[in-house]
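Since the structure comes first, as C-alpha cells, the remarks are kept for the end.
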Amino acid sequence: MDDHGVPPHRIAAVTFTNKAAREMQTRLFGLSPEDSSALLGWSRRGQGLTVSTFHAFCSRLLRHDGDRIGLDRNFAIYDDVDQIAAVKRAMDEVGVDAKTLKPRAALSGISGAKSKLIGVEGFGLRRESYVEEIIHRVYERYEDILSQASAVDFDDLLMKTYDLLRRSPEVAAIYQDRYLHLMIDEFQDTNVAQYEIAKLIADRHRNLCVVGDPDQSIYSWRNADIGNILSFRKDFPDGRLIALEENYRSTQTILDAAQGLIAANRNRVEKDLFTEKGRGKPIAVAEGYNESEEARLVVNEAARLVRDEGFMQRDMAVMYRVNAQSRAIEEACVRHGVPYQLVGSTQFYRRQEIKDLTAYLRLGANPHDDVSLARVVNVPARRIGARTVEDLTRAAREAGSSIYTVIDAIAGGQPPVAVRARQARSLSEFHDLIEGLSKAAREKSLVDLIDLVLERTGYERYAEEQDRGEERLENLREFRNSAQDFLDMEGGGDLTDFLERISLVSDVDTMNEESDAITLITLHQAKGLEYRVVFMVGMEENILPHVRSMDDEEQMEEERRLCYVGMTRAKERLYLLRAFRRAFRGGQGPSVPSRFLGDVPRELVTPMDVDFAPPRPTAKSAPSGEPAPVRTEAEPPLAAGDKVEHAKFGPGIVVQTKPSGGDLQVTVAFKDGHGVKRLLLSFAPLEKVGA
DNA sequence: GCCTCTGGATTTTTT
DNA sequence: ATCCAGAGGC
C-alpha cells in the first residue's frame with residue numbers, strides 16, 4: 001500500500017477482532033506486535049494507519065464528536081448482561097410479563113432493529129404483529145433507560161455513529177476527507193449498520209475495498225447480512241471486492257475436503273480453491289466411545305505429534321461447536337499434563353466479581369448509570385433490598401431522573417418517596433460511598449481507585465466469603481493487574497478509556513501467542529486464525545450441525561459454512577473426531593455421525609492411527625521398577641460369546657470384538673438394563689468370567 | 001431484608 | 001448437571 005504513495009494515516013482498515021487488527025498492523029508495517037498493540041485503535045492525532053474493529057472505531061469517534069448528538073463523552077458501553085438488566089427493567093415499567101416475552105427475545109428484536117438502523121420510530125411504523133407491538137414499547141422504554149444513564153449498547157455504537165455522520169455534515173466531512181482509502185476485512189460478516197457507515201465515510205474518495213468470503217459467513221445470528229456483498233457491487237461498481245481463491249495456508253487435501261463439504265450448499269457461488277502446497281496427509285477420522293475418550297484421542301495424538309513429528313503444542317488447536325465441549329478436552333489435558341490455552345468460555349470480564357467491580361468503577365465515572373447502580377447497590381448486602389430498589393426506581397422514573405438522584409435527595413433530607421428511617425440511613429451511607437468514588441475517580445489513578453473500591457465497599461471480604469472465594473479474589477487481583485498494565489502502556493488513558501477497552505476486547509484478543517500450549521477454541525472464534533494442526537471434535541448430528549439448526553435450510557447451510565471455516569483453519573493436518581455416546585444435560589445419549597463427514601470425499605480420509613498407549617506409568621502403577629506390561633498381538637484376550645463382568649455395568653456377554661489402533665474394541669451386551677456398549681479393552685474395567 | 005429451598009429452564013455461536 | 005427465579009421462613 002505504501003508504494004502507492006498513500007500516507008498511512010490516510011488509510012483506515014476495519015477488522016473483525018482487535019487481534020486481527022493487530023496482525024494487520026504488524027504485517028503492513030513490520031511493527032512488532034507490542035508496538036502495534038500500543039497503537040491499536042488509539043493512533044494519536046492522525047498519525048499512522050487506523051486499524052481497528054468497527055466498534056472500537058465508532059466508540060472513538062463518538063467519544064470525540066458524540067456531543068453533537070447529545071452524547072456524554074464518558075458514556076458507558078453496556079454489554080449483553082447489562083442490556084438484559086435494562087430490558088427487564090423496561091419490561092417491568094411498561095408492564096410486560098417475562099412469561100409473555102422473554103427478555104432475551106425482546107433484546108434480540110431490539111438489537112436486530114438497531115443493526116438495520118431502525119430506531120424506535122421506525123420500528124413503530126413497521127410493527128406488524130402483537131409481539132412487535134410489545135417489543136416496540138419495550139424498545140422505547142429501553143432507549144430512555146440507556147440515555148438517562150448516559151449509556152450505549154454495542155448496536156448503538158454503530159447506529160449513533162451513523163446518526164452523527166448523517167446529522168452533522170461537518171463531522172462527516174472530517175472523516176470523509178481524512179480517509180483516502182477504506183478497507184473492510186471479513187466483509188461477509190458485517191451488518192447493515194456497519195456497511196452504511198463505511199459507505200458514508202467512503203462517500204468522498206470512493207475508495208472502498210472489501211475482503212470477504214461468502215462461504216465463511218457464520219454470523220447471521222448476530223445480524224450479519226450477506227446482502228451487503230450484493231449492495232457493494234451495486235453501490236461501488238468500481239470498488240474492489242477481494243474473494244481469495246488462492247489459499248496460502250492449507251494443503252491441497254485439506255482444501256479439497258473443505259471444497260467437497262461446502263459444495264453441498266445450494267445457496268452459493270462456485271469457486272475453486274487452490275494452493276501451491278502439496279497434497280499433504282489425508283484427513284484423519286476417529287470415533288471415541290464418549291466425549292472423554294474423544295478428548296483422550298486428541299490429547300494422545302497431540303502428544304505423539306510433538307514427540308515424533310516435531311510439532312509444537314502451539315501449532316495445534318482443538319475446535320468445537322459449543323463451549324460446553326471444552327470441558328472434556330480440558331480434563332484430558334490436565335490428566336495428561338498437556339499445556340492448553342482455553343479461549344473464551346467463562347470470559348474474564350463477564351465474571352460476576354469482575355462485573356461487580358466494573359459497576360463500581362462506572363459509578364465512579366457516572367453515578368447516574370442506573371444499571372450499574374442497581375447491580376451493586378446491595379452487593380455486598382447493605383440492607384437495601386429488592387423492595388427498596390423498586391421504590392427508588394419508580395420514584396426515579398416518575399421524576400424523570402436517575403436512581404442516584406433520588407438517593408441523593410434522600411441523603412440530603414428531601415426524600416421524594418416514603419422510606420423508612422433504617423433504609424434512609426443505609427442509602428445515605430451508600431450515597432457517601434459513591435461520592436467518595438466519584439471524587440477518587442477524578443483525583444486518583446485508576447489502580448488507586450480500584451483499591452479504594454475494594455476497601456470501601458468491603459467487596460474483597462465479601463468475595464472471599466463466597467464459594468470459590470479464593471478464585472474470585474484471584475480474579476480481582478488479575479483485574480487490578482490488567483489496570484496497572486493499561487496505565488503502564490504507552491499512551492495510557494483515563495478511567496473512561498479503560499472501561500471502554502474492557503468493553504471492547506474479545507476473547508481471541510487476549511490469546512497468548514508466546515506460550516507453548518494447545519489452543520481450545522470454538523469454531524466461531526477460530527475464524528481468521530490458522531494452525532498447523534486442527535482437531536475438530538463433536539462431528540455429530542445435533543452438535544455440528546447444531547440441533548437448533550435442524551429444521552431450517554438457511555441455518556443448516558450456515559452450520560456447513562461453520563464446519564468449512566474450521567477445516568480451512570488447518571495448514572497441514574486435519575482430524576475429525578466424534579463420540580459414540582455423548583453426555584448432555586445430566587443424561588447420556590447415543591449419537592449419529594455428522595452428515596458433514598459424508599460430504600468429505602472418501603479418498604481424502606483415513607482412519608486415525610490411534611495411539612492407545614496407556615498413560616505413562618506413574619509411581620503408583622509401576623512399583624519396584626518393573627517394566628510396564630507390553631501388550632502382545634498373540635491371542636485376543638476376549639472373543640464374541642465370552643462372559644464378562646464390568647465394574648459398573650455388571651455381567652454381560654461379548655457380542656463382537658474389533659481391533660482398533662493398538663487396542664481391542666469390545667461390544668458387550670449387559671444385563672440388568674444396561675444395554676449394549678462398546679468399550680475399549682485397555683480402559684474399561686472389564687473382567688473375563690469363568691474358563 | 002436475608003437466607004434457603006425448590007422447580008424449571010437451559011447457551012449456539014459474540015463485537 | 002447447573003444455574004436462576006420465585007416462594008416461604010426467619
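What's counted below: heavy atoms across the whole structure, side chains too, no hydrogens, waters or symmetry copies. Computed from a predicted structure; not experimentally measured. In the text below, chain A, chain B and the rest are named by the order of the sequence lines, each starting its count at 1.
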Could you state the atom-to-atom distance from [atom1] of [X] to [atom2] of [N] in whole Å?
{"X": "A:Arg422", "N": "B:dC2", "atom1": "CZ", "atom2": "P", "value": "9 Å"}
{"X": "A:Gln325", "N": "B:dT13", "atom1": "CD", "atom2": "C1'", "value": "12 Å"}
{"X": "A:Ile218", "N": "B:dT12", "atom1": "CD1", "atom2": "P", "value": "17 Å"}
{"X": "A:Gln466", "N": "B:dC3", "atom1": "CD", "atom2": "P", "value": "10 Å"}
{"X": "A:Arg104", "N": "B:dT13", "atom1": "CZ", "atom2": "P", "value": "11 Å"}
{"X": "A:Gln194", "N": "B:dT14", "atom1": "CD", "atom2": "P", "value": "16 Å"}
{"X": "A:Lys102", "N": "B:dT11", "atom1": "NZ", "atom2": "P", "value": "8 Å"}
{"X": "A:Lys114", "N": "B:dT15", "atom1": "NZ", "atom2": "P", "value": "18 Å"}

Under 4.0 Å between a side-chain N or O of [X] and OP1 or OP2 of [N]?
{"X": "A:Asn223", "N": "B:dT15", "answer": "no"}
{"X": "A:Gln525", "N": "B:dT13", "answer": "no"}
{"X": "A:Asn323", "N": "B:dT11", "answer": "no"}
{"X": "A:Ser503", "N": "B:dT15", "answer": "no"}
{"X": "A:Arg548", "N": "B:dT12", "answer": "yes"}
{"X": "A:Thr522", "N": "B:dT14", "answer": "yes"}
{"X": "A:Lys99", "N": "C:dA5", "answer": "no"}

Reckon [X] touches a base, only the sugar-phosphate, or nothing at all at heavy-atom distances under 4.0 Å?
{"X": "A:Tyr219", "answer": "sugar-phosphate"}
{"X": "A:Lys88", "answer": "sugar-phosphate"}
{"X": "A:Phe54", "answer": "nothing"}
{"X": "A:Ile384", "answer": "sugar-phosphate"}
{"X": "A:Asn378", "answer": "sugar-phosphate"}

Using the six-membered base ring of B:dT12, report whether A:Trp221 stacks on it, requiring centroids under 5.5 Å and planes under 30° apart.
no

Would you say A:His546 stacks on B:dT12, if stacking means ring centres under 5.5 Å apart and planes within less than 30 degrees?
yes

In terms of side-chain heavy atoms of [X], which of [options] is nearest?
{"X": "A:Phe154", "options": "B:dT14, B:dC2, B:dT15", "result": "B:dT15"}
{"X": "A:Arg327", "options": "C:dT2, B:dC2, B:dT14", "result": "C:dT2"}
{"X": "A:Val322", "options": "B:dT12, B:dT14, B:dG1", "result": "B:dT12"}
{"X": "A:Arg222", "options": "B:dG1, B:dC2, B:dT14", "result": "B:dT14"}

When the nearest nucleotide of DNA chain B is assigned to A:Ser549 and to A:Ala381 on a heavy-atom basis, which residue is associated with the more 5' position?
A:Ala381

Nearest heavy atom decides the nucleotide; on that basis, is A:Arg382 or A:His524 closer to the 5' end of DNA chain B?
A:Arg382

So is A:Arg63 actually on top of A:Phe75's ring, under 6.0 Å and inside 45° of the axis?
yes

Under-4.0 Å salt bridge between A:Asp155 and A:Lys116:
no

Ionic contact status for A:Asp189 with A:Arg222, cut-off 4.0 Å:
no

Sticking with atom C1', work out how far C:dG6 lies from B:dT11, rounded to a whole angstrom.
22 Å

Quote, to the nearest angstrom, the C1' distance that separates B:dT13 from C:dC4.
22 Å

Set out, in order, the CA-CA distance, both residues' side-chain angles and the distance that settles ring pair (Phe, Tyr, Trp, His ring centres under 6.0 Å) for A:Phe57 and A:Phe54, then state yes or no.
CA-CA 5 Å; A:Phe57 178 85; A:Phe54 262 110; 7.6 Å; no

Could you check whether the rings of A:His431 and A:Tyr404 sit parallel, tilted or perpendicular, using 30° and 60° as the cut-offs?
parallel

So, the side chain of A:Asn290 versus the backbone of A:Glu293: is there a donor-acceptor pair under 3.5 Å, distance only?
yes

Mark yes or no for whether A:Arg560, through its side chain, and A:Met556, through its backbone, hold a donor-acceptor pair below 3.5 Å.
no

